[in-house]
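Counting convention: from 1, in listed order, for ligands and their atoms alike. Quick caveat, the model's predicted, so the values are computed rather than measured.
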Amino acid sequence: MPLTRFSVSLDAGLVERFDREIRAQGCPTRSKAVGDLIRAGLVQAEWRRGDEVAGAVVMVYDHHKRDILRKLTQVQHDCHDAIISTQHIHLDHDNCLEIVAVRGKRARVENVVRRLKALKGLKHVSLAAGTTGRRLA
Ligand code: NI
């Protein structure tokens, strides 16, 4: 993709604060920081519109909890069309970290998250709402 230059007029204080923040984050250029913000906004728009999206559900649970493994497997089989991969990590003697990669229409992906969050016995469930990347440069 060719680069396009454009000028933007903003409040000086806002730009100063933005520059301080991106320096603190180690961002190399203002252009990269603005591009990252635009892409983040476009990803949010994909989710709002109900486009095809991709992401990861992160869960932590104690595998000793009654029936938890069977219930997790059941939900993942019920939602197999939206789940592309599952990774299970044994964190310690009791705790497991499970990462479920999801892809599909927003409604199907959110259904996976809703079903997982409804399970009793999970210590943590969160969604990293990503993108398929197809509509982003
Ligand atoms: Ni485990």
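- In the displayed structure, L3 atom CG is contacted under 6.0 Å by at most 12 heavy atoms of other residues, nucleotides or ligands.
- Contact detail for M59 and V100: the closest heavy-atom pair is CE-CG2, 3.7 Å.
- L127 is connected to L122 through a chain of hydrophobic side-chain contacts under 4.5 Å among Ile, Leu, Val, Met, Phe, Trp and Tyr, so both are in one cluster.
- Between H88 and H63, the distance from one ring center to the other does not fall under 6.0 angstrom.
- In H93, the NE2 atom is not crowded: 12 or fewer heavy atoms of neighbouring residues, nucleotides or ligands sit closer than 6.0 Å.
- Of all protein N/O/S atoms, those under 2.8 Å from the Ni ion (ligand 1) are H88 NE2, H90 ND1, C96 SG, and waters are not counted.
- In summary, K65 and D62 do not engage in a salt bridge, as defined by a charged side-chain N under 4.0 Å from a carboxylate O.
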